[in-house]
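Structure first, commentary second.
Values reported hereafter were calculated over all heavy atoms of this structure, with side chains retained and with hydrogens, waters and symmetry mates removed. Residue numbers begin at 1 in each chain, while the letters A, B, ... track the order of the sequences. Being a predicted model, the structure only gives us computed values, none of them experimental.
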Amino acid sequence: MEYNFRDIEKKWQEQWQASGAYKVSNDSPKPKFYVLDMFPYPSGAGLHVGHPLGYIASDIYSRFKRLKGFNVLHPMGYDAFGLPAEQYAIDHGVHPAVSTDQNIKTFRRQLDNIGFCYDWSREIRTSDPSYYKWTQWIFLQLFKSWYNRRTKKAEHITNLVKIFEKEGNAGNEIPNDKFQVPKIGKRVFTAADWAGFTEKEQQDILMEYRLAYCGYGEVNWCEALGTVLANDEVVNGVSERGGHPVVKKKLRQWYLRITEYADRLLEGLERVDFSDSMKEMQTNWIGKSYGAEISFKVKGTSDLLTVYTTRPDTIFGVDFMVIAPEHDLIQSITTPEHKQAVEDYITYVKSRSERERMAEKKISGVFTGAYALNPFNGREIPIWISEYVLAGYGTGAIMAVPCGDERDHKFAQHFNIPITNIIGEHYDGKEANATKDAKLENSDFLNGMVMRNAMEVVINKIEELGIGVRKVNYKMRDAAFSRQRYWGEPFPIVWKNGIAYPLSESELPLELPHVESYKPGPEGEGPLANIAEWTSRDLETNTMPGYAGSSYYFLRYMDPHNATEFCSRKASDYWGQVDLYIGGTEHAVGHLLYSRMWTKGLYDLGFIAHDEPYKKLVNQGMIQGSSRFVYRIHGENKFVSLGLKDQYSTDAIHVDVNIVDGVELDIEEFKKWRTEYETAEFILEEGKYICGTEVEKMSKRLYNTVNPDDVVNKYGADTFRMYEMFLGPVEQSKPWETKGIEGVHRFLKKLWRLFYDELKGKVWNEEKASPAELKVLHKTIKKIEEDTERFSFNTGVSAFMVCVNDLIDLKCHKKEILEPLLILLTPYAPHISEELWHLVGNTSCILDAAYPRVNESYLVESSKEYPISVNGKLRTTIEIALDAPQGEVERIVLDNEVIKKWMEGKPHKKIIYVKGKMVNVVV
RNA sequence: GCGCAUGUGGUGAAAUUGGUAGACACGUCAGACUUAGGAUCUGAUGCCGCGAGGUGUGGGGGUUCGAGUCCCUCCAUGCGCACCA
């Protein structure tokens, strides 16, 4: 009886489906465990062997937890809205819904091949109206909410209206600190003001508070293509496709006020188990900095120039000011004799794309002719304009301290601006020194103070004198939440007289209409603007971005068929946080931050009981491609094997890895691969054509993709699963090498032969196990349990191999040993385990078995083969009883001939004896 | 430039707490069975050396009886951020 993996795997996959083996109930006395994969965008290219890596890891962990007695939620679905499907529609005329559906079918078939334990009855698709109904619903909750900075949480907007009616907004500052209420020209209004505003005026103010709000933002507009482009579709200021010019255009956009959650997003990182690099990326993205805003009087005017600085201690080292080219003050402060130069400079800056400005290393700028006055000593400071100061960060103006800041220093040198040294010998006149530990000089009342300590002193003084305030700044901007595209969730918003009104809950879902054309609407609006029945209802024409549907999908899985709520409170209370989230690092800041924010919003509004979605995050590494090359002799259709290629002038050509065995080219397949190679000739070495190799990204273009279907077909799903894990730690990136899979496949065959022999048939028996056999089993139980628990699946696989090798050596075919081993193996290789489980006489599903418990008493050793060192160098090993007293050990060691030899007759100085570890004799 | 991560045989890697470096595999070599093998099994396999032995975890230095593991320093690779004041 052979190990016939094809029949076995097909049989069990069908059986599991028929019996609903993976159906999960929300009602269970067992403790819960939630394992989640980052759900895929179903691309047309299908899966390659890199994609399932994380899915296999999570599948192993899910099955493991289930065996350990948990009620495990392990769902899967599709992030089905997105640009590629729309692009495909434009290029091929296939409706996105159709191509997406097709892609999902392929995806599902490929996933099913690998034998995952997903509860498919909970499948979701973000493009499904019954799903995006709730995306729209949550959007409306955010639209109807504001962030109360005093209670530090989201609250219903009606609370804010009540506050305004009672006391105006004096206690609840407008989040955007540049916004002024147009009617009164101030940021602060009274209850009486509020009562006097029209509905439009009131709504405009409320929009400034809403967590989902509408404003104006810049997009990349390409006139020639008549469309809005994403950042990565713009290269060097022109469109990636076609090379048409792209300009910045202000368009009405929706945003999420994620900046209000900046502090809580930072604080939450301390309570979750993410990798340090992941936390760091998010922390950098949020970019919190502490400092002060300081106002400088502009000489001879009533204007105030406000700068943001993190180094107020350097206030006496300010030699010039720099303001962004977009700064409002430019018009009023520029002196007549500098007007022309300033205008020319601003024109120049405007002509350049964001990308060009970022890439530019050249120093540029222009003097305005105006001077600011240092608030402490009245010193006149020239005000310059330069594009290295960004309008969007801080106040769009900086105080430049050349001796302490690299860019300021370069700027000063370039324009010959005299440099004041406030840090004495720490500044060498050639390069800026950003130290915080120098003692201040040339700094008036701060002289002699260490900079680090001076910061607080200056801020206090500034606040005392009323010339500035302590200020915290964030790099993070509010998240743009609209796309001028078709294939996304429609906004449940109606515009009447310039006011955005939410649709009522009963009108949801607002379904995406069918269109024949995906051309953009007028003035950069989305395709929905072309549909008369849509515009006639005054509906919003933008759609939501890709991350909308993925910001709460982990909640919907808990209660996927609920028609009255996005997720019942009972379900979310039961499942709570995702205990284990597995996915790639590419979503480090985008998806993870947005979904964390939505979770916090839903928590604040009382819809769920936890405010961090993911308890633990594991980032799987990328599987890289291992490319193969053939070497064609220049100008000929002749190919030379790797070892001989240096004798010729050759071109390296990528060859499909699937027609190469290891590094040996299958010449017949190669000839068939391309018609041009049909007549190719080959120069071989030792009768073989050897290919060159290189590790690159796995990509169709490089002919190094390997389809899991092919691997599964050849070796089976169990082999594939175990080999993916055997490759190395999940978190690590590594190249795929199909060749190595044989070792894992051999292991499964060896396991099979412990039960059934090709010649003898059944060899397993019901004899009583020996202590040696029990020791092998229990060592394995312990190791597998530990390794699986800490996601060390590669060492887990090798522990199985060691176990089977040991059992073969012991000629052990005993059910008493083999049966528990099958349970251990189930998470890794579910099909073969289930098959053998039934063959040894069980009738229930192996996943319902109890995980074997390690019995330490089988593992106790009475003696150990100690490594014995002399002066730290290993010289021999001696078998010594573990309970031998130190004196006894020393006597045995010193008596040993090998040790005596190495001691060369010298007396021992001391003997280090670590019980159960080693002995070291020092002479 | 800044930050983070990683450097171990021909290859993927292991060594969980400072205690026998290279487990487990791939590959390679030798052998067995065989009409045959890209099947299966056995053995060998870090490097130098006939051997005794020496040497070895990116380089250099340090702590320690003992360092892949801890500290300092330099180098290389990967990822992230990048005029963020």
Which part of the nucleic acid does [X] contact within heavy-atom distance under 4.0 Å: base, sugar-phosphate only, or nothing?
X      : answer
A:L727 : sugar-phosphate
A:V914 : base
A:K909 : nothing
A:K475 : base
A:N805 : sugar-phosphate
A:K288 : nothing

### Query
Between A:K288 and A:D263, is there a salt bridge with N-O shorter than 4.0 Å?
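Salt bridge present between A:D263 and A:K288.
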### Query
Tell me: CG of A:L874 to P of B:A67, nearest whole Å?
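Value for this atom pair: 13 Å.
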### Message
Tell me the interatomic distance from A:Y393, atom OH, to B:A82, atom C1', rounded to whole angstroms.
### Response
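Distance check: A:Y393 OH to B:A82 C1' gives 13 Å.
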Under 4.0 Å between a side-chain N/O of [X] and OP1 or OP2 of [N], yes or no?
X      : N     : value
A:R753 : B:U40 : no
A:K739 : B:U11 : no
A:N794 : B:A14 : yes

### Task
Nearest 0.5 Å please: distance from the CG atom of A:N619 over to the CE atom of A:M278.
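One gets 3.5 Å once the value is rounded to the nearest 0.5 Å.
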### Task
Drop me the distance from A:M722's CE to A:I56's CD1, to the nearest 0.5 angstrom.
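Reported to 0.5 Å precision, the distance equals 11.0 Å.
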[X] side chain, from C-beta outward: closest of [options]:
X      : options             : value
A:P729 : B:G12, B:A13, B:A23 : B:A13
A:L390 : B:C84, B:C26, B:G54 : B:C84
A:I912 : B:U40, B:A85, B:C65 : B:C65

### Message
What residues from residues 401-411 of chain A pass a heavy-atom cutoff of under 4.0 Å to RNA chain B?
### Response
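Only A:R407 qualify.
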### Query
For A:V589, which of A:L592, A:T585, A:L593 qualifies under side-chain contact (heavy atoms from CB on, under 4.5 Å)?
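Testing A:V589 for a side-chain contact (heavy atoms from CB on, under 4.5 Å) against A:L592, A:T585, A:L593 leaves exactly one candidate, A:L593.
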